[in-house]
Amino acid sequence: MERFSKFFSLSGAVGPLIGLLLLCAFLSFATDSFLSFRNFLNIADQITVLGIMAVGMTFVILIGGIDLSVGSVLALSMMVLGYLNVVAELPMAVAIAGALIAAAFCGALSGLLITEFKVPAFIATLAMMSIARGVANMITNGSQIIGFPAWFNLGAIIRHFGFLTMTVAVMLVVFVVAMLFLRLRKEGRSLYAIGGNPEVARLAGINVKLATVLVYVVCALLSGLAGILLAARLDSVQPSSGVAYELDAIAAVVIGGTSLSGGTGGIVGTLIGVLIIGVLRNGLNLLSVSPFLQAVIIGMVIVLAVAAETFKQRR
């Protein structure tokens, strides 16, 4: 029981959890359609892409980094998938592998720029954001690609056991594996050490450079995986996909209690942060709130989350 409670520890995420429960309570009274099984299934489907990307962003922020390229990497992986499968007529397995390799290459390049060339993470990933988006547009000269196999789209629609789609199942597996990695593996715990103090972590025998590169590769890989699932949901790909997704991913991680300075936080908090954004967007849509006002409200939530984190650190 002690290990079980430790595994699902809410350290640093109690506040976000209370906020999520209060938000759900408010929306349950404010709208008749929120508190329904069908709506909860819709929320699960809507947060799939954000959830997977937020896991990768959690790893990056834990080591004190940032990755602004995840939205563009998602778009690049989608375009590589579409080109290889539809245009080049290669098997879907080959197309998926190619999309993930392209994403991993972007992450490795960002990591090497940060570790070997001492480029600040903000600048390195900002450059990669532009490069990946440009390459995504170059693949089809800015055009979308359609014509995937029928089974590929059905995987994101059919609900197994009456509630679980393939995309949601993948997201849940990613969350569980990430939690196991951070809680039970020494490599996962070393990420906290790197975020706390990279020099001390290096003196303790941790290969900080290698770990940093691998973290950016994993973050990019998860963005690529999210792109594949988004392609399955939309049954098409276009280079404009994923715009501003990096902001949502960072917001989910920060709202979930992970410190932007690194060293504290975790996957449970990120899951709560993803749910807060998903529930908030769903509720605002049910209340017919303008999309422009929704952006303002979500921005205010992010500011409050960061302010709460700053206040907690000062105490």
Side-chain angles (χ1 to χ4, degrees), residues 43-63 65-81 96 99-100 102-108 110-111 121 125-126 128-129 132-133 136 156 165-179 181-182 191 214-234 237 239-258 260 265-281 298 302 305:
I43 293 174
D45 288 335
Q46 291 164 3
I47 66 172
T48 300
V49 172
L50 172 60
I52 294 175
M53 294 176 69
V55 169
M57 190 64 73
T58 302
F59 292 152
V60 171
I61 293 179
L62 276 177
I63 65 170
I66 198 74
D67 193 341
L68 301 179
S69 67
V70 291
S72 297
V73 171
L74 174 142
L76 176 60
S77 67
M78 292 177 69
M79 297 310 297
V80 170
L81 176 79
I96 291 175
L100 293 177
F105 178 79
C106 292
S110 294
T125 57
L126 184 64
M128 183 52 62
M129 177 176 71
R133 183 72 63 182
T165 61
M166 178 268 294
T167 53
V168 173
V170 171
M171 179 189 69
L172 294 177
V173 169
V174 168
F175 269 108
V176 171
V177 170
M179 279 193 288
F181 175 74
L182 287 179
L191 300 186
L214 290 178
V215 162
Y216 279 92
V217 169
V218 170
C219 183
L221 269 173
L222 290 176
S223 297
L225 176 61
I228 293 169
L229 298 183
L230 182 58
R233 280 189 60 191
L234 300 178
V237 296
S240 61
S241 299
V243 174
Y245 277 28
E246 58 277 352
L247 302 181
D248 285 348
I250 295 170
V253 176
V254 173
I255 290 172
T258 299
L260 282 171
I267 298 299
V268 174
T270 294
L271 176 58
I272 295 173
V274 169
L275 287 172
I276 287 176
I277 291 180
V279 169
L280 185 60
R281 283 219 167 106
I298 292 175
I302 296 171

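Just so you know, residue 1 is the first one in the sequence shown, and it goes up from there.
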> Can you list the residues that meet the side-chain hydrogen bond (donor to acceptor under 3.5 Å, both in side chains) rule with Thr58, with sequence neighbours excluded?
Replying inline: Thr270
>> List the residues meeting side-chain hydrogen bond (donor to acceptor under 3.5 Å, both in side chains) with Ser69, not counting sequence neighbours, and say none if there are none.
In response: Asp67
Enter the distance from [X]:[atom1] to [Y]:[atom2] here, rounded to the nearest 0.5 Å.
| X | Y | atom1 | atom2 | result |
| --- | --- | --- | --- | --- |
| Ile228 | Arg233 | CD1 | CZ | 15.5 Å |
| Leu234 | Leu229 | CG | CG | 11.0 Å |
| Ile61 | Cys219 | CD1 | SG | 8.5 Å |
| Leu280 | Ile298 | CG | CD1 | 5.0 Å |

>> Once side-chain contact (heavy atoms from CB on, under 4.5 Å) is applied, do any residues pair with Leu126, and if so which ones, sequence neighbours excluded?
In response: Leu68, Phe122, Met129
> Looking at residues at least two apart in the chain, or sitting in another chain, which of them share a side-chain contact (heavy atoms from CB on, under 4.5 Å) with Leu221?
Replying inline: Leu100, Ala104, Val217
Minimum heavy-atom separation for [X] to [Y], with atom names?
| X | Y | result |
| --- | --- | --- |
| Met78 | Gly227 | CG-O, 3.2 Å |
| Val274 | Ala252 | CG2-CB, 3.8 Å |
| Leu76 | Ala132 | CB-O, 4.0 Å |
| Cys106 | Val73 | CB-CG2, 3.9 Å |
| Ala220 | Ala103 | CB-O, 3.0 Å |
| Tyr216 | Ile66 | OH-O, 3.2 Å |

> Is there a side-chain contact between Leu230 and Tyr245 (heavy atoms, below 4.5 Å)?
Replying inline: yes
>> Under the criterion side-chain contact (heavy atoms from CB on, under 4.5 Å), I'd like the reasoning laid out for Leu182 against Leu62: C-alpha separation, chi angles, the key distance, then a yes or no.
In response: CA-CA 10 Å; Leu182 287 179; Leu62 276 177; 3.9 Å; yes
> Could you give all pairs that pass the side-chain hydrogen bond (donor to acceptor under 3.5 Å, both in side chains) test and reach residues 219-229, with sequence neighbours left out?
Replying inline: none
> Taking only residues two or more places apart in sequence, or in another chain, which ones meet Arg281 in a salt bridge (Lys or Arg N to Asp or Glu O under 4.0 Å)?
Replying inline: Asp248
Review item, side-chain donor-acceptor pairs of residues 46-55, under 3.5 Å, at least two apart:
residue	atom	partner	partner atom	Å
Thr48	OG1	Ala44	O	3.0
Thr48	OG1	Asp45	O	3.2

> Picking from Ile272, Ile277, Leu275, what satisfies side chain to side chain contact (heavy atoms under 4.5 Å, CB included) with Ile255?
Replying inline: Ile277
> Does atom CZ of Phe181 have more than 12 heavy-atom neighbours, drawn from other residues, nucleotides or ligands, at distances under 6.0 Å?
Replying inline: yes
Under 3.5 Å, side-chain donor or acceptor atoms of residues 166-173 against the rest of the protein: list the pairs with distances, not counting sequence neighbours.
residue	atom	partner	partner atom	Å
Thr167	OG1	Thr165	OG1	3.1

